[in-house]
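Let me begin by presenting the structure, written as structure tokens, before commenting on it.
Chain naming here is simple, since letters A, B, ... match the order of the sequence lines and numbering starts at 1 in each. Computation of the quantities below employed the complete heavy-atom set of this structure, encompassing side-chain atoms and omitting hydrogens, waters and symmetry-equivalent molecules.
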Number of protein chains: 2
Amino acid sequence: MQGIRHPGTARERLLSAAVELFAEHGVSGTSLQMIADRLGVTKAAVYHQFPTKDEIVLAVIGPPLSRLEPIAEAAERHRTPAARRMSVLSGVINLVVEHRRLSAVVSYDPVVARLVRQHPAVATLERIVALLTGPDPDIATRVGVAMVGGGLISVGMDPAMAGLTDDELHRQLFVTACRTLGVRAPRAA
Amino acid sequence: MQGIRHPGTARERLLSAAVELFAEHGVSGTSLQMIADRLGVTKAAVYHQFPTKDEIVLAVIGPPLSRLEPIAEAAERHRTPAARRMSVLSGVINLVVEHRRLSAVVSYDPVVARLVRQHPAVATLERIVALLTGPDPDIATRVGVAMVGGGLISVGMDPAMAGLTDDELHRQLFVTACRTLGVRAPRAA
DNA sequence: GTCTATAAGGGGATAGAC
DNA sequence: GTCTATCCCCTTATAGAC
């Protein structure tokens, strides 16, 4: 709360630059020097904000991962498996659409995958998958859910979809995911 | 053709080790030292087989990429857009199933993506997407095709699907992809 | 918050012996 | 085909001044 600065605090600008670079080069392919260069500062300034590179990655993935818990909780308040599935699907799509570029990094970067495995949110992720499959899923259902998971992220990161607004993309993903899962989509709001 | 050796020529063993490591750590996260260590040789021995690291990546992605062309050609021999779509879908699924781990590397590793962009096979890839969408696709169709593309790869790399045989996985992916695309799957053979 | 300077190590890559 | 030895650069990370 001092002078006006365009994109936020130094920490926020750093994380924003990191996300872009991670998406473009991968975490292993992004050096602290690259992050510093994009911000127009030196590496030491980066180290002033975060003690290690891993801490930067954790700070990047933490906020989106922490949003999984409320998605699962909201879904579990519904009574039928079908309603729970629709609720969690909508929540996950919201998250993916909102973090189009980051989702792919979280899902597919090997360095991030290692950090995610040690993250408390993995348990929530399993809950979410269970909510999507429903109880005692057969192979076809599990394939469908896995396909939706990867598909959402791929579409989100697709440059050809960059022109779509978040609302449009959400609608498209929702109806397509419902088809993949073999369920009738509720009529649109 | 000399003495018996278990996994093939030195070059083949190197590429096999490279694929595993690329899938596990990403290309940027895989050093030539790691490849050499896995083979029980030194870096210099690796450099004897390939002049640069990029050449290793190209040798890894070349064979699967070269299989795109016959897939597109076979599909284009069919007369109707629907038949072409089913043909290309089956061919792509074959490819993904056969290279479960490699597909994710080719599709999502930023280093590989850069090399793929300069590869002649990109044109074929566009042809394949066009065959899947059909002429003058609307947004919903393009979303469906993008979702199938990413979904196939995600399911292929999913450890939970590792227990499925190639044939089983192919069948599951085919019917699920057809649902996503909103087409009736032809009855199984 | 940012800088200069530097340490310590690993990266890709090369030369030349065996 | 494989080795030892080496080069140079970039990496993460630290220390301390401004």
Side-chain angles (χ1 to χ4, degrees), chain A residues 1-61 105 109-115 118, chain B residues 1-61 105 109-115 118:
Chain A
M1 317 304 187
Q2 34 172 43
I4 299 142
R5 200 97 57 62
H6 298 265
T9 68
R11 184 191 163 96
E12 284 164 352
R13 281 179 295 134
L14 195 160
L15 290 178
S16 169
V19 170
E20 286 176 31
L21 289 165
F22 289 165
E24 196 172 342
H25 306 281
V27 173
S28 289
T30 302
S31 68
L32 298 180
Q33 186 67 65
M34 291 165 75
I35 296 174
D37 286 349
R38 177 152 305 197
L39 297 169
V41 299
T42 63
K43 269 189 302 178
V46 172
Y47 274 107
H48 178 73
Q49 308 281 346
F50 296 96
T52 65
K53 189 178 175 182
D54 274 7
E55 288 295 321
I56 298 177
V57 178
L58 285 170
V60 162
I61 68 178
V105 176
D109 190 293
V111 175
V112 179
R114 210 154 289 130
L115 291 172
Q118 302 169 323
Chain B
M1 318 298 191
Q2 32 171 46
I4 300 141
R5 199 96 58 60
H6 296 266
T9 69
R11 184 190 163 95
E12 285 165 350
R13 281 179 295 136
L14 195 161
L15 290 178
S16 170
V19 171
E20 287 175 31
L21 288 165
F22 289 165
E24 196 172 343
H25 305 283
V27 172
S28 289
T30 302
S31 68
L32 298 180
Q33 186 67 66
M34 291 165 75
I35 297 174
D37 287 349
R38 176 151 307 197
L39 297 170
V41 298
T42 63
K43 267 194 299 180
V46 172
Y47 274 107
H48 177 74
Q49 308 282 345
F50 296 95
T52 65
K53 189 179 177 181
D54 274 8
E55 289 294 322
I56 298 177
V57 178
L58 286 171
V60 162
I61 67 178
V105 176
D109 190 293
V111 174
V112 179
R114 209 155 288 127
L115 291 173
Q118 302 168 322

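When distances run from any side-chain atom of Val41(A) to the nucleotides dT12(D), dC3(C), dG11(C), the shortest one goes to dC3(C). Minimum atom distance to the side chain of Ala44(A) is reached by dA15(D), of the listed dA13(C), dG1(D), dA15(D). The side chain of Gln49(B) approaches dG1(D) more closely than any other nucleotide in the set dA13(C), dG11(C), dG1(D). The nucleotide whose nearest atom lies closest to any side-chain atom of Ala10(B) is, among dT12(D), dT2(C), dT2(D), dT2(D).
Looking at Val41(A) and Leu14(A), their side chains never come closer than 4.5 Å, going by heavy atoms from C-beta outward.
Whole-Å rounding puts the Leu32(B) CG to dG10(C) P distance at 15 Å. In this entry the distance linking CG of Leu39(B) with P of dG1(D) reads 13 Å, nearest Å. Atom-to-atom, CZ of Arg13(A) to C1' of dG1(C) comes out at 10 Å; the value is rounded to the nearest Å. Remark: C1' of dT11(D) and NE2 of His25(A) are 16 Å apart, rounded to the nearest angstrom. One interatomic measurement links the two molecules: CD of Gln33(A) to C1' of dC9(D), which rounds to 12 Å at whole-angstrom precision. Between the OH atom of Tyr47(A) and the C1' atom of dT6(C) there is a distance of 13 Å, given to the nearest Å.
Between the side chain of Lys43(B) and the main chain of Met34(B), no donor-acceptor pair closer than 3.5 Å is present. The backbone N or O of Gly26(A) sits less than 3.5 Å from a side-chain atom of Thr30(A), completing a donor-acceptor pair. Under a 3.5 Å cut-off, the side chain of Glu55(A) and the backbone N or O of Thr52(A) do not form any donor-acceptor pair.
Within the 4.0 angstrom heavy-atom criterion, only backbone atoms of the sugar-phosphate kind lie near Thr30(A); the bases stay farther away. Note on Thr42(A): a base of the nucleic acid sits closer than 4.0 angstrom, heavy atoms only.
Comparing Met34(A) and Pro51(A) by the nucleotide of DNA chain D that holds the closest heavy atom to each, the one mapping nearer the 5' end is Met34(A).
With hydrogens and angles ignored, a donor-acceptor pair closer than 3.5 Å exists between the side chain of Lys43(A) and the base of dT12(D).
Taking 4.0 angstrom as the limit, Ser31(A) places a side-chain polar atom (N or O) nearer than this to OP1 or OP2 of dT11(D).
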